[in-house]
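When a ligand or atom number is given, it counts from 1 through the structure's own listing order.
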Amino acid sequence: MLYRCPFQRNRESCSCECFSYAENTFEKYGRKTCAMIVEPLLQGSAGMRMYPPLYLQKLRRLCDRYGVLLIADEIATGFGRTGKMFAFNHTGVSPDITCLSKGLTGGFLPMSLTVTTDEIYHAFYGEYNQHIAFMHSHTYSGNPLGCAAAHGVLDVLEQENILEQTRHKQKYLTKKLVKALLKHKNVGEIRQLGLIHAIELVADRETKKAFDAKQRTGYQIYKKALDLGLILRPLGDILYFNPPLIITKDQIDEAVEKCVQAIKSVLE
Ligand SMILES: *Cc1c(COP(=O)(O)O)cnc(C)c1O
């Protein structure tokens, strides 16, 4: 069972019943809407919430029906974080505009990309005197060092077969976390997408009651983990792992061990 699904589905039986909310909203506002922005498959700062590829397939069709552009914010999910190059690669459909950054340069230099379909690109491309150029320019666009870092990352991703390796590491990390925490009385759900893993901590796993926010449970665990030498970055009471794709099994062992120790020391 998907822990918070209001339709009480599990992964197999989900047919995105919740999509009716989007359909109703498009029915009301779709005709005067220019674009729809989504974080594909993973809503990051909303609490590492995950949803199935089917939702995006349906959304692509709905956007097409209403002539609404679909914009994918793949800043967090891009470049292998979800197990494929882009989260949209899980769906078989594609957005009209994609925002990319973070994994593009691995954070070594700031660099971002806005990728569009040819149709959108050509809408702003022509003879100078046509005045269709996209004149909203960017002070630091095309920075050569940033571009070099991005090329470097793309080369490494390909030449060192990083994506293939993350599949093994993902299975390993899932197994470790499930073994250590799934039965814990305060763990509501462990969810996973690629190497990204999130642990939802609750006061009562049966009723799904959250901890009193005043207790700041996630923050207490963060502080304890920091003492142990591990930086967690909880979103409220959601702990998550979003490790670099080059993490080793030994490092996974160490991180999980310290995380579990921190959880137990705060909650038991
Ligand atoms: C980090 C992040 C952003 C912010 O990107 P900036 O380049 O700092 O503006 C936007 N969306 C998602 C999903 C992110 O993870």
Review point. In terms of side-chain geometry, is the basic nitrogen of D253 or K249 positioned less than 4.0 Å from the acidic oxygen of its partner?
Key: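 K249 and D253: not salt-bridged.
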Review point. Mind checking what makes salt bridge (Lys or Arg N to Asp or Glu O under 4.0 Å) contact with R205, not counting sequence neighbours?
Key: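 If we apply the salt bridge (Lys or Arg N to Asp or Glu O under 4.0 Å) test to R205, skipping adjacent residues, there are no hits.
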Check your understanding: Got a sec, which residues hit salt bridge (Lys or Arg N to Asp or Glu O under 4.0 Å) with D227, two or more places apart in sequence or on another chain?
Key ->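 Listed in chain order: nothing, the list is empty.
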Check your understanding: Should the pair F134 and F124 be assigned to parallel (<30°), tilted (30 to 60°) or perpendicular (>60°) ring geometry?
Key ->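 Perpendicular: the ring planes of F134 and F124 meet at over 60°.
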Check your understanding: Quick one: hydrophobic cluster around Y29, which other residues, with the 4.5 Å side-chain cut-off, linked directly or via members?
Key ->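 Reading the cluster by chain and number, Y29 sits alone, since nothing else belongs.
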Review point. Name the residues in contact with ligand 1, where contact means a heavy atom under 4.0 Å away: which are they?
Key: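 Shell around ligand 1 (4.0 Å, heavy atoms): E39, D73, I75, A76, K102.
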**Study point:** Matching residue for H184 among L267, L201, I199 - test: side-chain contact (heavy atoms from CB on, under 4.5 Å)
**Key:**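 Of all the options given, the one that passes is L267.
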